[in-house]
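Have a look at the structure below before the remarks.
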Amino acid sequence: MTDLTAPQPYDPATLEPLWRQRWADRGTNQVDLDGAAKPFYALMMFPYPSAEGLHVGNLFAFTGSDISARYHRLIGHEVFQPLGYDAFGIHSENYALKMGAHPMELTPKNVANFQRQLERAGLMIDWRSKVDTSRPEYYQWTQWVFLQLVKQGLAYKKAAAVNWCPSCKTVLANEQVEGGQCERCGSAVEQRVLEQWFFRISQYAERLLTNLDGLDWSAITANAQRNWIGRSEGAELTFAVDGTGGEVVRVFTTRPDTIFGATYLVLAPEHPLVATITTDAQRAAVAQYQDATRKQDLISRKSTREKTGVFTGAMAVNPATGAPIPIWIADYVLMEYGTGAIMAVPGHDERDFEFAQVFGLPIVRVVAGPTDDADTPLGDVAYTDDAGGRLVNSGAFDGLSVTDAKAKVTAWLASHGHGTAVVNFRLHDWCISRQRYWGPPIPIIYCDACGTVPVPESQLPVELPYLADFKPDDSGVSPLARNEAWYRVPCPTCGAPARRETDVSDTFLDSAWYFLRYPSATHAEVPFDPARTRTWLPVDSYIGGNEHAVLHLLYSRFITMVLHDAGFLDFDEPFTRFRAHGMIIRDGAKMSKSKGNVINPDQYMEQWGTDAFRMYLMFLGPYEEGGDFRDQGISGVRRFLERVWASVRDCTTEGAADAAVVRQLHRTIKKVGHDTATLGYNTAIAAMMEYVNHLRRGERTPHRDEVLPLVQMVAPYAPHLAEACWEMLGHVDSVFDGGWPPFDPALLVDDAVDLAVQVNGKLRGTVRVAVTVTQEEALAAAMAEPGIAKFVTGELRKVVFVPKRLLNLVVG
RNA sequence: GCGGACGUGGCGAAAUUGGUAGACGCGCCAGCCUUAGGAGCUGGUGGGGCAACCCGUCCCGGUUCGAGUCCGGGCGUUCGCACCA
């Protein structure tokens, strides 16, 4: 029998499942997707469903997003907050390989486990809109997106290098290469050239860059994108090759002003011109160098700094000086940037300087610093500072500043047909092909007669077949290439026997459009329903990790722009606001399985309750910076929730609320509202704790009017507790339909304040004065305090008075 | 090497435009209650000093009536990118 007179204790173990069941039964977390008047799309980055289960980092991210979503609902929006699974990709495939399981069987199990953990986390998710990128009903539309890029002329095929492990005989993803070695067997990774599909994202570089200025994004994230896009202004210059009848080398440089100091050229080893210009005498040495470079993997080649190279035997003409200069090849010049060739100016570029020193090439000064003249030796480093430099040894351009010279030299060279000003980007085209199994098959068919034929949209999805052996092998193509029954198909155009593309697409393509799918996930016949898309997109608030600052966020922006330009969307930026959350560490160290300090969320939710766990995650540090998880810390938050519970349970309706408490309440409402809106969750929680301390000081019985707004404020943070408290206070609806409490600005300021009194900048005391006090009155009040007056010795030279804050007396 | 972020008690951390440094929480100390408590409640808690006071936000210097906050120069931690011409 329950003792009805005993005070009800706070018992999350029974209360939390009860409320989650009610939310499910009542559809509390569902929004009307077709009839929303004030729609708000709150998006969090969807997880990869690992076999280990939900990581505390996932929960930290999701909870912060959930609080924001719930807050927006409370202030009057109709909030759509979906979630799904990024279930395709190399992680799942590798894990399956390791466990000897099949991804097609393993993935649904992992998803089910994630689903169980997520439902326990008390998130305000509308699960009707769940997506799973590995399901045909999702990836048929991923394939549709691919076809739109083909249609727009933005997809093309070309040969490109991949990482190849000669021992495992398989293609490796970049993340499987560690320090130039295969992460599994440790053998040195090589490059291998394969035909692959690319998206022309570089064509959108300028737009991806300039649009950033109009987005409300974390500054760090926007900046990471700027650096990644890597815009640089310069010139493309041409150098004639001696004795080849018209061959020219095109180079890109950001320092056309230094052309008089260009003493040699360097081509990337794989530059197509190398074969043409290399002299017979040098042919063997060049071939040997090219071969050695190819044997290096893509990563270690970019990280070794020692300069190596070989002379091609060919000479070019410096168009500024008319002097013959040698053409070298070296792996410090990258084929994939600029033109794959440079003019080397060893006097004013560190890398060229190093190279020139190794091979004894001439080093000429053509820029002088403020304290140098034309003949000042360069010493043992290149002079690269262009701020105060002026040109020397540069003919008619001597004396010009570097900035002026860049424009004038370029114009002069252009007028003689030696080049033109250009803008270059670091951003490369997006390689979409993966020689793997666990992804959406690229929807292309190769026909001997018709060539490359896109799969007609009506024939989507191209289903990924079940392959018992899905291991990558030494064929250099996807495991799908072993399944003849699958890849042999008639050509959709002419009906002749043809062959499917057997590579799958990059996981980043799955996630580059998923936010478009959510609102329409219940519609099977279209990728995204026009009306719903108009209502809900672009995303109002996107929260996620900064590890995706570049790739995922950039690809999503690109795909959105393409779909906009193709007429499918009426916006060209997907995420109006983006905020990056921080990372959780534990006891000052990163969590890792080997250290055995990984947090198991289930265990904590079990012991302390979901609300306490959620709230502790939000309290342990600033959301956008992350913080240090310490087991002991959670007890403080749990105690706070107990006190909220007890305050509601024991509150009275007799008499009136205490005026001082009410004043504190209104200040708290203002601060919690502001801090919650700006993701300052840790300080919002602190403010609520402070208020509860006030509320209960001296073991007083709180008044109902003092606790009801507290329940509303705590609701986004501790939703189960808030619902239960809301019910205790006599409500039958959800607290999330009860709105956000208003505050009265008139109650925010006290009549009197403690004014800090300084003498010569040092705090000497405080005086209690009316807020309306004048400087003279404040001064008089301060001088009436003996503890302050005794420091005022000598002449009072100046008085600084900041109303409501301080009074500083300058004496001496 | 380049770029960003950061440096505050025993610990996690607060601090509108420069304006009472250390809110809130953990831990610790004392008291109350209790048969007992690893429960609850109340109070205290930057360092030094009996005290008046003095010293304190990584270090050095500057601007200012006043600097955790702004400027210059160091040191340290950390995260990205990494031969991008």
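Here is the naming used below: chain letters follow the sequence lines, and residue numbers restart at 1 for every chain. Just so it is clear, the model here is predicted, and its values are computed rather than measured.
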Cation-pi check for Phe791(A) against Arg764(A): NZ or CZ below 6.0 Å from the six-membered ring centre and within 45 degrees of the axis, yes or no? yes
Side-chain heavy-atom pair Phe613(A), Tyr604(A) within 4.5 angstrom cut-off: yes
Test ring pair (Phe, Tyr, Trp, His ring centres under 6.0 Å) on Phe619(A) and Phe640(A) and set out the steps. CA-CA 12 Å; Phe619(A) 183 59; Phe640(A) 165 72; 8.7 Å; no
Contact check, side chains of Ser232(A) and Tyr337(A), non-hydrogen atoms, under 4.5 Å: yes
Please determine, for G18(B), whether a Watson-Crick or G-U wobble partner exists with both distances under 3.5 Å, and give it or none. none
Considering only the P atoms, how many Å lie between G74(B) and C26(B), rounded to the nearest integer? 43 Å
Gap between atoms CG and C1', on Asn546(A) and C81(B) respectively (whole Å): 13 Å
Counting Watson-Crick and G-U wobble pairs only, both distances under 3.5 Å, name the nucleotide matched with G66(B), or none. none
I want to check a possible cation-pi pair here: Arg579(A) against Trp217(A), using under 6.0 Å from ring centre and within 45° of the ring axis as the test. no
Could you verify whether a donor N or O on one side chain and an acceptor N or O on the other, from Asn227(A) and Arg426(A), lie under 3.5 Å apart? no
Checking N1-N3 plus N6-O4 or O6-N4 for Watson-Crick, or N1-O2 and O6-N3 for wobble, each under 3.5 Å, the partner of A5(B) is U77(B)
Readout for nucleotides 39-54 of chain B: B = base within 4.0 Å of protein heavy atom, S = sugar-phosphate only, - = neither; 5' to 3' it is -SSS---------SSS
Closest approach to the side chain of Asn223(A), judged atom by atom: which nucleotide of G4(B), C26(B), C24(B) is it? G4(B)
Rounding to an integer number of Å, can you tell me how far Met689(A) CE sits from G25(B) P? 6 Å
Using purine N1 to pyrimidine N3 plus N6-O4 or O6-N4 for Watson-Crick, or N1-O2 and O6-N3 for G-U wobble, each under 3.5 Å, what pairs with C32(B)? G40(B)
When the C1' atoms of G7(B) and A13(B) are compared, how many Å lie between them, rounded to an integer? 13 Å
Less than 4.5 Å apart, side chain to side chain, heavy atoms only: is that true for Thr676(A) and Ile67(A)? yes
Are Asp611(A) and Arg638(A) ion-paired here, with the side-chain N under 4.0 Å from a carboxylate O? no
Taking atom P in both G66(B) and A82(B), what distance in whole Å separates the two? 48 Å
Could you identify the nucleotide paired to A51(B), looking across every strand shown and requiring Watson-Crick or G-U wobble geometry with both distances under 3.5 Å? none
Between A52(B) and G4(B), how far apart are the two P atoms, rounded to whole Å? 48 Å
Do Tyr717(A) and Arg614(A) have side chains that approach each other closer than 4.5 Å (heavy atoms only, starting at C-beta)? no
Checking base pairs now: Watson-Crick or wobble, both atom distances under 3.5 Å. What partners G61(B)? C71(B)
With a 4.0 Å cut-off, would you call Arg768(A) and Asp754(A) a salt bridge? yes
Per the O4'-C1'-N9-C4 / O4'-C1'-N1-C2 angle with a 90° window around 0, G10(B) comes out anti
Whole-Å distance separating the CE atom of Met583(A) from the C1' atom of C79(B): 9 Å
Name the pairing partner of U45(B), where a pair is Watson-Crick or G-U wobble with both distances under 3.5 Å, or state none. G27(B)
RNA chain B nearest-nucleotide lookup for Gly338(A) and Ala224(A): closer to the 5′ end is Ala224(A)
Expressed in angstrom and rounded to an integer, what is the separation of Glu233(A) atom CD from A85(B) atom C1'? 15 Å
Mark up nucleotides 12-21 of chain B, 5' to 3', with B wherever a protein heavy atom is under 4.0 angstrom from a base atom, S wherever such an atom reaches only the sugar-phosphate, and - elsewhere. BSS-BB-BB-
Need to verify one output field. Residue with the more 5' nearest nucleotide on RNA chain B, Asn760(A) or Phe252(A)? Asn760(A)
Between C81(B), A85(B), G27(B), which nucleotide has the shortest distance from any of its atoms to the side chain of Leu334(A)? A85(B)
Take a 6.0 Å sphere around CZ of Arg700(A) and say whether it holds more than 12 heavy atoms from other residues, nucleotides or ligands. yes
For atom P, what is the distance between C55(B) and G1(B), given to the nearest Å? 40 Å
Can you check the Asp631(A) CG to C11(B) C1' distance for me, whole Å? 14 Å
Between C81(B), A85(B), A23(B), which one does the side chain of Val333(A) approach most closely? A85(B)
Take the protein atom CG of Asp675(A) and the nucleotide atom P of A23(B), then report the distance between them rounded to whole Å. 17 Å
Does either side chain, that of Asp650(A) or that of Thr701(A), offer a donor lying less than 3.5 Å from an acceptor on the other one? no
Considering only atom C1', compute the distance from G44(B) to G80(B) and round it to an integer number of Å. 45 Å
Distance between P atoms of G47(B) and G22(B) (Å, rounded): 13 Å
For atom C1', what is the distance between U64(B) and C75(B), given to the nearest Å? 26 Å
Grab the CD-P distance between Glu624(A) and G4(B) for me, whole Å please. 19 Å
Between A85(B) atom P and Lys307(A) atom NZ, what is the distance in whole Å? 14 Å
